[in-house]
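Because the structure is a prediction, the values reported are computed rather than measured. Here, residue 1 is the first one in the sequence, and each next residue gets the next number.
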Amino acid sequence: MLYEKDGKLYRRWDKEILCIEPYGPNALRVRATHLAGLNDDFSALEPADAGPPPVIQIDGDTASIANGDIRCEVLCTGKLKFYNGRGDLLVQEYDKNRFRKNAPGELDSALEIIPRTFVPHRGTNYFKLQVRFEAQAGERFYGMGQYQQPDLNLKGCVLELAQRNSQVSVPFCISSKGYGFFWNNPAIGHAAFVNNVTMWQAESTRQMDYWITAADTPRELVESYAKVVSRVPMMPDYALGLWQSKLRYRTQQEVLEVAREYRRRGVPLSVIVIDFFHWTAQGDWKFDPECWPNPGEMVRELEEMGVKLMVSVWPTVEEGSENFAFMQEAGLLIRTEAGPRVCIKNRDTYADMTNPDTRAFVWDKLKRNYYDHGIRLFWLDEGEPETTKYEFDNYRYHIGSALEAGPLYPREYTRMVYEGMRAEGKENVITLARCGWPGSQKYGAILWTGDVSSSFDSLRNQLAAALGMGISGMPWWTTDIGGFVEGDVRSDEFKELLVHWFQMGTFCPVLRMHGFRNPIEVTPGGKPYTAGDATGWKYTSGAPNEIWSYGEAVYDICTTFIRLRERIKPYLREQMRAAHERGTPIMRPLFFDYPEDAAAANIEDQYMFGPDVMVAPVMELGVRIRTVYFPEGVWRHIFSGIEYSGPATAECAAPLEEVPVFVKAERAVIFDAGKGA
């Protein structure tokens, strides 16, 4: 049975209710369920602007719905086929079933595979859901958040839909066939972009829910998606410079001395970060007074130097915390289906950030113990959350099972700080977050790639992660320059890696030094700690990680690029404005700006930094010359001034102290501001 209601097309067939509705220009939202009705419980879609009414046609047991430049046909079998405004087939469901009455051109099959498969978890209202689409020869997919792999084109990949340390699941992708697809479902699952089928799977859900749009260019697809899931605030100017961090500054005096040294050397510093275990206990959310005796005075001195202070916050709550007993009694902690709630190793668990009461309780602690001292920047670590071995089927939140809604946790974590600070009158809130979900961007989340290793392979993965995140509607992105673990300050190989990472970091939305460097220091001077020590002395700290920590040669290169970053701030502000107003990614693949260039579609080791700057990072040890592809136009090397005309490929010098960066010749003024300073 097919019918129209409230501008939506419905199909009822036995157990299934299918609904297709216009949702923003040139886009459709598609939902289906085997329950009594549909819901919006976990949707990441914002209310869509009402446009012209859709064109709905029903002809017996077939129908179609058109909204601008996208049209969906519903066959008599229930199979869906999507077309653009020119009538080109974009994508169709994978339907291998015998029932083909009145479906001309559809092949009969004995496989008995239907496109939308709901397998009930018996005795519940939940299903394992699989939705299949026909694979298309030559199709390329981009986006999906960040995964620790070098592949920008995801064709051939199977991706876990789950949050992990260094993995951010954002299930939106664009296709080279001219459509964008958002899996609007926060269930744990998988997406497969393989040669014989494209498949989306949710382990436990009540309904199918996805959004699809059609457009001629990647830019239009990404910006259309950003409009329906929301865009970032405007990045404040103070965040555009260097962020200094390490694991970990132990004391107030240490933080101040580092900032003073930057000032003494005349090197601009924007933000300095206090990492974990500056607290009395996990879940107290306050400074240990022995190591941090006067936070307000620390903030004031840093502000006088033009430096903002960021403080790491964890959602972990240990049994020894002054808040554990109350939070357990009040239902503010996550729960397990079986086994102990508390991690045996560290005797801690997690605050349930999906519970609005938890968010209010924790924000009150943050306000009293940080915000009221003048701290306006929070680093929201452990936001997956990083539960033991990621046993998703064993954790439950206020909003439901982790299998059904676990990937929402990091968004709600960021929401806590955003809403708390907005209530205090703070504009343009930003946070540093290790994980996210569609909607995190509207809460000011700067996503970073987590605890990645210090290696050239890892550096290569971060480029793919950055470009994937930008395509996925997350334009604010950063990484630990040099990687987080395994870097040794005494190693020449690591110093070269750090230099190349820093050079790429200069052309990222946020330039941020961080890492847990070797040799590791147990306590200052190697003194064993005792049970009575402040927490600041109980936990290990890495070797120094300031730009002068790696010798004069590295220092000189880093300062050159810091000053370069300062020069391009006006241009960077332009890109931040585009991200805020339209959702445009700041780092993006070449094909984003050159969609008609077939060669650009195959370039995965270069990127555009806004529309006028192209970066070809060095991501291999010892490389001093690298191949660069130039799209149409005249491109000027920012260091040598040599110009290259595209489309063409050339071998370009890449000495350690430089990196191949090119600006459109007519926009060379981008790099002229303050030149020679």
Side-chain angles (χ1 to χ4, degrees), residues 18-21 23-24 27-33 38-46 48 70 72 80 82 90-94 115-119 126-135 139 141-147 154-155 157-163 167-175 177 179-194 197-214 221-222 224-226 228-230 392 402-411 435-441 468-469 471-474:
L18 173 70
C19 173
I20 309 171
E21 62 181 297
Y23 213 96
L28 297 169
R29 184 183 184 187
V30 184
R31 289 180 289 169
T33 186
L38 300 163
N39 70 75
D40 269 324
D41 291 353
F42 300 137
S43 176
L45 296 171
E46 299 285 312
I70 192 168
C72 177
L80 306 181
F82 297 90
L90 299 173
V91 64
Q92 60 181 318
E93 288 185 323
Y94 181 95
R116 306 178 294 274
T117 305
F118 288 83
V119 179
Y126 297 90
F127 304 83
K128 180 177 181 177
L129 170 65
Q130 291 182 332
V131 181
R132 304 173 183 86
F133 296 92
E134 294 275 3
E139 185 172 17
F141 294 95
Y142 302 95
M144 295 298 292
Q146 72 175 28
Y147 292 83
L154 300 174
K155 183 65 173 180
C157 294
V158 177
L159 303 177
E160 181 187 45
L161 302 180
Q163 316 291 18
Q167 175 177 297
V168 183
S169 175
V170 184
F172 171 74
C173 62
I174 63 173
S175 164
K177 297 296 184 181
Y179 67 93
F181 185 96
F182 171 44
W183 181 248
N184 187 28
N185 190 322
I188 301 297
H190 288 85
F193 304 99
V194 291
V197 70
T198 298
M199 185 171 71
W200 300 81
Q201 177 173 301
E203 292 297 328
S204 182
T205 189
R206 288 173 286 170
Q207 67 180 24
M208 179 190 78
D209 190 348
Y210 63 81
W211 178 89
I212 184 169
T213 187
L221 293 173
V222 172
S224 178
Y225 165 70
V228 297
V229 294
S230 73
F392 301 115
L403 280 180
E404 180 191 16
L408 285 173
Y409 186 101
R411 186 189 71 184
C435 215
W437 179 256
S440 292
Q441 70 278 3
M469 288 294 279
I471 292 295
S472 304
M474 302 285 184

List in chain and number order the residues that pass ring pair (Phe, Tyr, Trp, His ring centres under 6.0 Å) with Tyr225, two or more places apart in sequence or in another chain; answer none if no residue qualifies.
-> Phe172, Phe182
Arg132: partners by salt bridge (Lys or Arg N to Asp or Glu O under 4.0 Å), with sequence neighbours left out | none
Applying side chain to side chain donor-acceptor pair (under 3.5 Å), name anything that partners Asn184, two or more places apart in sequence or on another chain.
-> Ser43, Asp209
Side chain to side chain contact (heavy atoms under 4.5 Å, CB included) involving Thr213 - partner list, sequence neighbours excluded = Asn26, Ala27, Trp211, Leu221, Ser224
For Glu139, what residues pass the salt bridge (Lys or Arg N to Asp or Glu O under 4.0 Å) criterion, not counting sequence neighbours?
-> none
By ring pair (Phe, Tyr, Trp, His ring centres under 6.0 Å) - contacts of Phe133 (at least two apart) = Phe181, Tyr210
Using side chain to side chain contact (heavy atoms under 4.5 Å, CB included) as the criterion, list what pairs up with Ala191, not counting sequence neighbours.
-> Met144, Leu161, Phe193, Trp200
Side chain to side chain donor-acceptor pair (under 3.5 Å) with Thr33: which residues, sequence neighbours excluded?
-> none
Hits for side chain to side chain donor-acceptor pair (under 3.5 Å) against Thr198, two or more places apart or cross-chain, chain-then-number order -> none
Partners passing side chain to side chain donor-acceptor pair (under 3.5 Å) against Gln201 (at least two apart in sequence or in another chain) = Gln130, Glu203
Which pair of non-hydrogen atoms, one from Pro407 and one from Pro186, has the smallest distance, and what is that distance?
-> CD-O, 2.7 Å
Quick one: list whatever passes salt bridge (Lys or Arg N to Asp or Glu O under 4.0 Å) with Arg206, sequence neighbours left out.
-> Asp41, Glu404
Set of salt bridge (Lys or Arg N to Asp or Glu O under 4.0 Å) partners for Glu93, sequence neighbours left out = Arg116
